[in-house]
2 protein chains.
Amino acid sequence: MKKKQIKLKDIADALHLSVPTVSRALRDSYEISQETKKAVVELARAMNYKPNLLAVGLRKNKTFKVGVIIPSLWYYYNSAAVTGMEEVLEEHGYSVMICQSKESYNREVIQVRNLIDSRVDGILVSISQSTIKYDHFIDAQEEGIPVIFFDRAPSYEGASKVVIDNKLAAKSAIHHLFKKGRKRIVFIAGPEKLRISKTRYEGYLEAYKEHGLEPDENLIINCNFTKNMGYRATKSFLRKNIDIDGLFAINDRTCIGAVAAVQEAGLKIPQDVAVVGFNDEPTVQYLTPPLTTIRQPAYEIGMEAAKLFLKERNADTGQFTPTKLILETELIVRESS
Amino acid sequence: MKKKQIKLKDIADALHLSVPTVSRALRDSYEISQETKKAVVELARAMNYKPNLLAVGLRKNKTFKVGVIIPSLWYYYNSAAVTGMEEVLEEHGYSVMICQSKESYNREVIQVRNLIDSRVDGILVSISQSTIKYDHFIDAQEEGIPVIFFDRAPSYEGASKVVIDNKLAAKSAIHHLFKKGRKRIVFIAGPEKLRISKTRYEGYLEAYKEHGLEPDENLIINCNFTKNMGYRATKSFLRKNIDIDGLFAINDRTCIGAVAAVQEAGLKIPQDVAVVGFNDEPTVQYLTPPLTTIRQPAYEIGMEAAKLFLKERNADTGQFTPTKLILETELIVRESS
DNA sequence: TTGAAAGCGCTAACAT
DNA sequence: ATGTTAGCGCTTTCAA
């Protein structure tokens, strides 16, 4: 049943031409006569010729594949970013290979190596929670593969990044809660090592300072990035009976868990505790009460990261200046605050 | 900056061997002496040799890439299925190229063609809402590329499938509502053309029949697969003031919209209207009230689809019998019913 | 305007 | 146990 793949030679033979001529004709080279071009193109269509991308890739040392590494497809903003990238890249003939690090540094390293081995033309990464070394990315760059960080970017300055201003976003959330008359705001800070956790925490602190209030360290909860962890951490926090009137969580999932814990403790949202999340995941507007949260432009982040790749793919490695793009977030106020 | 890629020849030259010998040594061929093997392997490690997969692929006519086409990464069960596939496939050295059809037949066709052009070793598909012709899949099969359908499979019998028993699942939901004393159950049926919509509708009808009740056609709502559509469709349905006491939605997203509409109309869930969704998306247990829903084993579906691919990748095309795997669903009872 | 020759990096068939 | 030759399908010299 297996159909034979048409190759250049088949067309060449049929038209009594040579293979290179056919190749050039199909690429519309100036050195080929109009008639030849026409004949070749028509026959190629008729025979349903498809270039063997492996052969082209081998020859040109390009694969037209871009590797994307994200912590997890479950994260709404990761999927959104990937979709934004595809939007941009597919127009330029690239396809995307998605790898999930599952928040594991080891997996991330392996995936980068695999992508290098697969000779992808570029790597776009949102780093895992546990990533603290960046050698694997440097390796990729040394192989001539441009690396672009998006969303979760490391401190490493040798590559371009597309991020949001996490500090500012956190500040805006806290100031919003201040405006609602809240002063004792719990911060569910996420994993300690993660850079965006720290940065958002800085925003939290700065907001307090700007408001002339003293932050209380007891109000900080570190926990992992899941609903369950948010639930459990909040639950055990509430047992301490510390006085609170507001809550800001590093992301919506954790926030959903926290909200459940708060409600179980008999506290009313927003009357007793005003709540703000982060990310504006699709379902949070249907929670009871609908969640106030910070929308980050994940789709746009993806698009911009892809555009940076397109810009850098041909740049002479060695001496290009990495770009740092900062996109704006938006506070979406709903009934939880 | 760009490091030179080490190739077989570099190793061969360094050891005064021929390229094929090195190649065989690295693949642990029986015909190579132990010492040579050892020397080659060690040097390869030391030089950080990585085979050029393009060249290997060109030679062996394999790419170790598998194409996956899904309607959308937003759908929880799609992401889950993809993750399941990766789990299985990465062990066998395959990487996955994910394409989102975005429910568009045209995009799906283009993506299949691209995957064929990229010479993927297999294609795993959950078809789009608007797919009614299957020529593109047949094309792929004719090129010798195994095609496996998962989740949303077409009626086309020429390829293996991994699905759930949609009729049975729907029946179990309706019977559950019957047990709760409900008789006038709205069915939010999703897009009319979609096969799983029809099948779940059949389950709805059969349940009624088995229960000795006459189904009422006025209780069927057709609408698209989004929260908003669920909301709007339910809203306008409720305006007709038709008597209802139960609601079953084709998926959780639509269901969330429907629930919002029902609650806005002043009806209590589950007292006035008992509600069952479909998919058990991660957030639905945190809705108010937590949603009763049907869990489909998306992750397992993905794994099984991948395993079928592994089984079929070497089978002689032409005369293999397609497998049809049916996985079990589970009704998760929560407070909405 | 076209063709011949060479080579991308690898592996398989056929020597030896 | 190792080397020689050839070829996967394409593009890029270079030559005519």
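Side chains are part of it too, since the values below use all heavy atoms of this structure and drop only hydrogens, waters and symmetry mates. Just so it is clear: chains get the letters A, B, ... in the order the sequence lines come, proteins before strands, and each one is counted from 1.
- End-to-end axis angle of the helix from C/dT1-D/dA16 to C/dT16-D/dA1, using five pairs per end and rounding to 10°, comes to 40°.
- Put simply, the side chain of A/Glu157 does not reach to within 4.5 Å of the side chain of A/Pro322, judged on heavy atoms.
- Looking only at atom types and distance, the side chain of B/Ser101 has no donor-acceptor partner in the side chain of B/Ser104 under 3.5 Å away.
- Residues passing the side chain to side chain donor-acceptor pair (under 3.5 Å) test with A/Ser126, sequence neighbours excluded: none.
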Donor-acceptor pairs under 3.5 Å, side chain of residues 93-100 of chain B to any protein atom, not counting sequence neighbours: which ones?
{"residue": "B/Tyr94", "atom": "OH", "partner": "B/Arg313", "partner atom": "NH1", "Å": "2.9"}
{"residue": "B/Gln100", "atom": "OE1", "partner": "B/Leu73", "partner atom": "N", "Å": "3.0"}
{"residue": "B/Gln100", "atom": "NE2", "partner": "A/Thr83", "partner atom": "OG1", "Å": "3.0"}
{"residue": "B/Gln100", "atom": "NE2", "partner": "A/Glu86", "partner atom": "OE1", "Å": "3.2"}

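- Of the possible polar contacts, one joining the B/Ser72 side chain to the B/Trp74 backbone as a donor-acceptor pair under 3.5 Å is found.
- Note that the first and last nucleotides of DNA chain D, 5' to 3', having any atom under 4.0 angstrom from a heavy atom of chain A are D/dG9 to D/dT13.
- Between B/Ile70 atom CD1 and B/Asn78 atom CG the span is 4.5 Å, to the nearest 0.5 Å.
- Proximity of A/Leu310 to A/Leu89: side-chain heavy atoms (C-beta onward) are separated by under 4.5 Å at one or more points.
- With DNA chain C read from its 5' end, the first of the two nearest nucleotides for B/Leu58 and A/Ile32 is the one closest to A/Ile32.
- Residue contacts shown for B/Leu54 are absent, as no nucleic acid heavy atom lies under 4.0 Å away.
- The residue among A/Glu31 and B/Lys37 whose nearest nucleotide of DNA chain D lies closer to the 5′ end is B/Lys37.
- Across all non-hydrogen atoms, the minimal contact from A/Leu194 to A/Gln129 is CD1-CA, 3.6 Å.
- Close approach of DNA chain C to chain A, defined as any atom under 4.0 Å from a non-hydrogen atom of the protein, starts and stops at C/dT1 to C/dG9.
- A donor-acceptor contact closer than 3.5 angstrom is absent between the side chains of A/Tyr49 and A/Gln5.
- Mapped onto DNA chain D by nearest heavy atom, B/Tyr30 and B/Lys60 fall at different nucleotides, with B/Tyr30 at the one closer to the 5' end.
- At distances below 3.5 Å, not a single donor-acceptor pair connects side-chain atoms of A/Arg195 with backbone N or O atoms of A/Arg152.
- Under the 3.5 Å distance criterion, the side-chain polar atoms of B/Lys161 are matched with a main-chain donor or acceptor of B/Tyr156.
- The closest side-chain donor-acceptor pair between B/Ser128 and B/Glu103, if any, does not fall under 3.5 angstrom.
- Annotation: proximity of residues 21-29 of chain A to DNA chain C (heavy atom, distance under 4.0 Å) is found for A/Thr21, A/Arg24, numbered in ascending order.
- B/Lys307 places no side-chain N or O within 3.5 Å of a backbone atom of B/Met85 that could act as its donor or acceptor partner.
- Looking at heavy-atom distances under 4.0 Å, A/Ser33 makes contact with sugar-phosphate atoms alone, never a base.
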